Amino acid sequence: MAPLTPDTWGEAEVVFGTKGDPAFCWCQFFRMQQAEWKASTRAGNRQALLEQAGRDRPPGLIAYLDREPVGWLALGPRTAYARVMGNTRLGQTTAGTDLDDPLVWAVTCFVVRVGFRRKGIAAALLAAAPDFARSHGATVLEGYPVDVRHKPGKPASAELYHGVATTFEAAGYTEVGRTGTTRPIMRLQL
């Protein structure tokens, strides 16, 4: 694992690729309100993540398998994610009692390259998240995965960028509420 910095930017470009949702989003969806997202562009989103990589607190972690960049996890203070902060259902749960606390961090996105899925990359990224968050002052990690046990049919891989609830459970996270039938709020005290 390595944090995303200007030095590891080339590895992020490999993980995000040139087509599909990650190559458009560049992990900006949760940082924007809906109107801003609708007006966003691939190039603008890419530039935004590059700028975030140059800040004091990296915006996420890159996973490697045999030195090859294969995955990505976005995490940071929940207050940095406009879409999370604007989720009224989140504010109505027990997690909403500390909604403005910058020490509560959110795990918002996973990207695992095609060909490397189902190899434990997302679980490894999630396992590395507590140390990274703790080293930047976080006291709580929170995630908003999909609970595939309550979702009819097999979900498409594009639906799983939030992570899967069982992966969070295996990493020691506890459900503290739901924003919908298939959307638990998972927390880990650091």
Side-chain angles (χ1 to χ4, degrees), residues 1-32 37 40 42 45-50 52-53 57-76 78 80-81 83-84 105-133 135-136 138 141-151 153-173 175 182-188:
M1 299 298 154
L4 176 59
T5 66
D7 291 339
T8 58
W9 179 251
E11 284 94 340
E13 289 180 309
V14 171
V15 172
F16 282 86
T18 59
K19 58 186 175 180
D21 293 337
F24 178 86
C25 182
W26 289 90
C27 250
Q28 299 307 301
F29 178 78
F30 285 103
R31 293 182 178 274
M32 300 178 185
W37 173 251
S40 73
R42 176 187 307 252
N45 293 341
R46 180 186 178 280
Q47 183 61 36
L49 186 60
L50 178 57
Q52 292 155 12
R57 182 190 43 78
L61 299 169
I62 299 171
Y64 299 85
L65 184 63
D66 298 327
R67 297 188 192 154
E68 185 171 356
V70 295
W72 160 258
L73 173 73
L75 73 160
R78 182 172 58 188
Y81 296 104
R83 192 171 301 260
V84 173
W105 276 34
V107 172
T108 59
C109 296
F110 293 82
V111 176
V112 176
R113 288 175 51 202
V114 172
F116 296 96
R117 295 178 182 158
R118 298 191 175 273
K119 296 182 184 297
I121 305 298
L125 282 160
L126 195 56
D131 286 342
F132 177 79
S135 74
H136 291 282
L141 268 176
E142 190 171 87
Y144 320 100
V146 176
D147 189 344
V148 296
R149 297 167 295 197
H150 295 285
K151 191 162 184 58
K154 183 180 179 191
S157 61
E159 294 179 86
L160 302 178
Y161 68 95
H162 306 280
V164 177
T166 53
T167 305
F168 280 81
E169 290 166 0
Y173 288 68
E175 183 176 331
T182 63
R183 299 307 301 273
I185 301 164
M186 306 295 290
R187 277 195 158 196
L188 181 69

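What you see is a predicted model, and the numbers here were worked out from it, not measured in a lab.
- Pairing each heavy atom of Arg113 with each of Pro69, the nearest pair is NH1-O, 2.6 Å.
- Leu126 contributes atom CG, which lies 10.5 Å from atom CG of Leu61 (distance to the nearest 0.5 angstrom).
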- Task: Could you walk me through whether Val148 and Thr166 pass the side-chain contact (heavy atoms from CB on, under 4.5 Å) test, one step at a time?
- Result: CA-CA 8 Å; Val148 296; Thr166 53; 5.5 Å; no
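- Going from atom SG of Cys25 over to atom CZ of Phe16 covers 7.5 Å, rounded to the nearest 0.5 Å.
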| request: Apply the test ring pair (Phe, Tyr, Trp, His ring centres under 6.0 Å) to residues Trp72 and Phe116: give CA-CA distance (whole Å), side-chain angles for both, the deciding distance (0.1 Å), then the verdict. | output: CA-CA 12 Å; Trp72 160 258; Phe116 296 96; over 10 Å; no
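- With a 6.0 Å radius and a threshold of 12 heavy atoms from other residues, nucleotides or ligands, Arg149 has its CZ atom above the threshold.
- The two residues Tyr81 and Gly76 have their closest heavy-atom pair at OH-N, 3.4 Å.
- In this structure, Glu11 and Val14 have side chains that are not in contact, with every pair of non-hydrogen atoms separated by 4.5 Å or more.
- Between the side chain of Arg83 and the backbone N or O of Gln28, no donor-acceptor pair lies under 3.5 Å.
- Between Met1 and Ala128, the closest heavy-atom pair is CG-CB, 3.6 Å.
- Listed here is the closest heavy atom pair of Lys119 and Gly115: CE-O, 3.3 Å.
- Rounded to the nearest 0.5 Å, atoms CG (Leu75) and CZ (Phe110) are 9.0 Å apart.
- Exactly one of Leu125, Leu188, Leu141 qualifies for a side chain to side chain contact (heavy atoms under 4.5 Å, CB included) with Val107. That residue is Leu141.
- What you find for Pro58 and His136 is that their closest heavy atoms are CD-CE1, 4.0 Å.
- Formation of a donor-acceptor pair under 3.5 Å by the Arg183 side chain with backbone atoms of Pro145 is found in this model.
- Between Phe30 and Tyr161, the two ring planes are tilted [angle within 30° to 60°].
- The structure places CG of Leu49 at 7.0 Å from SG of Cys27, a figure rounded to the nearest 0.5 Å.
- Here the shortest heavy-atom pairing between Ile121 and Ala63 reads CG2-CB, 3.9 Å.
- With hydrogens and angles ignored, the 3.5 Å screen pairs no side-chain donor or acceptor of Arg46 with any backbone N or O of Trp26.
- With values rounded to the nearest 0.5 angstrom, Asn45 atom CG is found 5.0 Å from Phe24 atom CZ.
- Within the model, atoms OG1 of Thr5 and CD1 of Ile62 stand 7.5 Å from one another, a figure rounded to the nearest 0.5 Å.
- Taking 4.5 Å as the limit, some side-chain heavy atom of Ile185 sits within range of a side-chain heavy atom of Tyr144.
- Contacts of Tyr173 classified as ring-ring contact (aromatic ring centres under 6.0 Å, His included), with partners at least two apart in sequence or in another chain: Phe168.
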